[in-house]
2 protein chains.
Amino acid sequence: MPKISQAQKDARRQQILAAAARCFSRDGFHATTTADIVRESGVSQGTLYLYFTTKDEIVAALADDRHQGDAFLNALAEAEHDPVQGLLLLIELYGRGLADPKRREARRVGVQGWGEALRSPTILASVTQGQAAVRRAIVHLVERGQASGLVRADVVPEAAARTLIALFQGLVLQTTWGERLDLEACGRLIREMIRSAILTDQARAETR
Amino acid sequence: MPKISQAQKDARRQQILAAAARCFSRDGFHATTTADIVRESGVSQGTLYLYFTTKDEIVAALADDRHQGDAFLNALAEAEHDPVQGLLLLIELYGRGLADPKRREARRVGVQGWGEALRSPTILASVTQGQAAVRRAIVHLVERGQASGLVRADVVPEAAARTLIALFQGLVLQTTWGERLDLEACGRLIREMIRSAILTDQARAETR
DNA sequence: CGCTATAATGACTGATCCGTCAGTTTATTT
DNA sequence: AAATAAACTGACGGATCAGTCATTATAGCG
């Protein structure tokens with residue numbers, strides 16, 4: 001076969017990644033053999049290694065893909081005129097992803113990646129960079145909120161961002177374990193926490 | 001060798017578990033071979049399988065040990081006369097564990113376990129049972145608080161517990177990745193979140 | 001219509017690893 | 001001190017797996 005278009009290359013790559021995600025979600029990263037991915041994707045063993053030089057690289061690529069999607073959400077939130085609305089929108093968007101059955105596989109692969117990051121510098125870099133992007137988005141929103149008197153001045157933007165992210169990470173974890181949790185009630189509590197511990201009286205009055 | 005005392009058996013078991021924890025923390029669960037654990041612990045390959053029937057069982061045992069420690073913290077908090085003080089104590093205790101360099105290894109192994117739980121029912125059971133114990137402790141404290149008018153009646157105890165646990169899980173994750181996070185500021189924010197979104201005005205007045 | 005560069009293939013390998021088991025050691029009992 | 005039973009040992013086997021490479025297939029170009 002001759003040179004193929006970039007689009008074709010991307011499609012092949014996606015084909016492999018999608019298959020790998022199914023396998024990782026089902027069996028876990030280490031219990032998945034390259035043969036499994038080959039079977040699931042329909043490409044040959046050799047082709048697998050034309051697109052990825054190592055199994056670890058596949059996880060890292062999946063993490064990157066995930067963060068591409070996150071970046072879209074972050075951009076949506078940052079585009080909001082009112083930073084407080086942006087913050088609440090972000091919570092809303094990530095909250096939806098938490099409950100969405102279609103994202104179950106992505107969540108399971110994500111949690112795997114969190115663990116693998118402790119072992120592989122490549123995966124760690126991919127994961128922490130993705131987190132950093134979300135964090136920057138939140139920090140930016142909080143700072144904008146402080147500048148306009150909508151967010152309490154004594155809130156450390158970085159800490160607020162980390163705390164919010166931590167919250168969602170934990171909820172992803174619990175959801176992924178198949179725990180039945182009342183996301184509705186958790187969401188209400190989180191919004192109340194933000195309203196009362198992060199926003200100023202002024203913002204609280206406006207967002208009621 | 002003849003029958004040995006239970007204490008000796010326990011010591012051997014701990015010797016193996018400690019070695020395994022070091023290995024898992026350093027290299028990750030799957031990259032650790034039983035040979036590694038043997039080398040690190042000083043027991044023979046055969047002895048390893050006298051105490052554990054499988055490698056998975058070692059992780060599960062480590063998780064159980066971890067939850068033993070947690071149970072102690074939970075009991076401490078529940079012993080507090082004032083449920084609000086109990087809640088704040090719990091936060092304080094878990095917060096300390098978050099920053100303690102001596103618990104670094106335990107945190108790393110813990111995060112690995114979170115991932116492995118998706119693959120092994122044994123590990124999942126161990127992890128979720130441990131979580132459930134913490135959750136019960138928090139739920140109990142919240143309910144006691146509500147009964148005495150110190151916790152807002154519109155708080156769903158189960159959701160509050162899950163949310164608080166999620167918070168710490170996320171912070172453990174970020175800490176374990178080696179991220180430099182301002183735990184002091186996060187702690188202040190979390191306390192403020194609890195004070196303002198969970199406690200009643202009455203309790204707020206008392207705990208100032 | 002060949003020719004060529006590129007893509008795809010899949011059988012194969014060297015290495016690794018978990019768990020076993022036949023045999024050895026040693027404290028206690030008789 | 002001999003017998004016994006429990007604890008321990010470590011070499012080994014059967015299975016698996018990540019990654020390679022010699023070969024084949026094919027799309028475009030001249």
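Below, chain A is the first sequence line, B the second, and so on; all start at residue 1.
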DNA chain D-proximal residues of residues 31-45 of chain A, any heavy atom under 4.0 Å: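 A/Thr32, A/Thr33, A/Thr34, A/Gln45, in order of number.
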Sorted by number, the residues of residues 57-64 of chain B with heavy-atom contact under 4.0 Å to DNA chain D: none
It should be established whether [X] places a side-chain nitrogen or oxygen under 4.0 Å from OP1 or OP2 of nucleotide [N].
| X | N | result |
| --- | --- | --- |
| B/Tyr49 | C/dT20 | no |
| A/Thr54 | D/dA18 | no |
| A/Lys9 | C/dA7 | yes |
| A/Arg12 | C/dA7 | no |
| B/Tyr51 | D/dC8 | yes |

A/Leu17 and A/Tyr51, any side-chain heavy atoms less than 4.5 Å apart: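 No. Closest side-chain heavy atoms not under 4.5 Å.
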Pairwise salt bridge (charged side-chain N to carboxylate O under 4.0 Å, His left out) hits with a residue in residues 113-127 of chain B, at least two apart: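 Residue pairs passing salt bridge (charged side-chain N to carboxylate O under 4.0 Å, His left out), neighbours aside: B/Asp56-B/Arg119, B/Glu116-B/Arg119.
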Nearest-angstrom distance from the residue atom [atom1] of [X] to [atom2] of [N]:
| X | N | atom1 | atom2 | result |
| --- | --- | --- | --- | --- |
| B/Ile4 | C/dT25 | CD1 | C1' | 14 Å |
| B/Leu48 | D/dC8 | CG | C1' | 12 Å |
| A/Leu50 | D/dC21 | CG | P | 13 Å |
| A/Lys55 | D/dC17 | NZ | P | 8 Å |

N/O donor-acceptor pair under 3.5 Å between B/Arg66 side chain and B/Val127 backbone: no
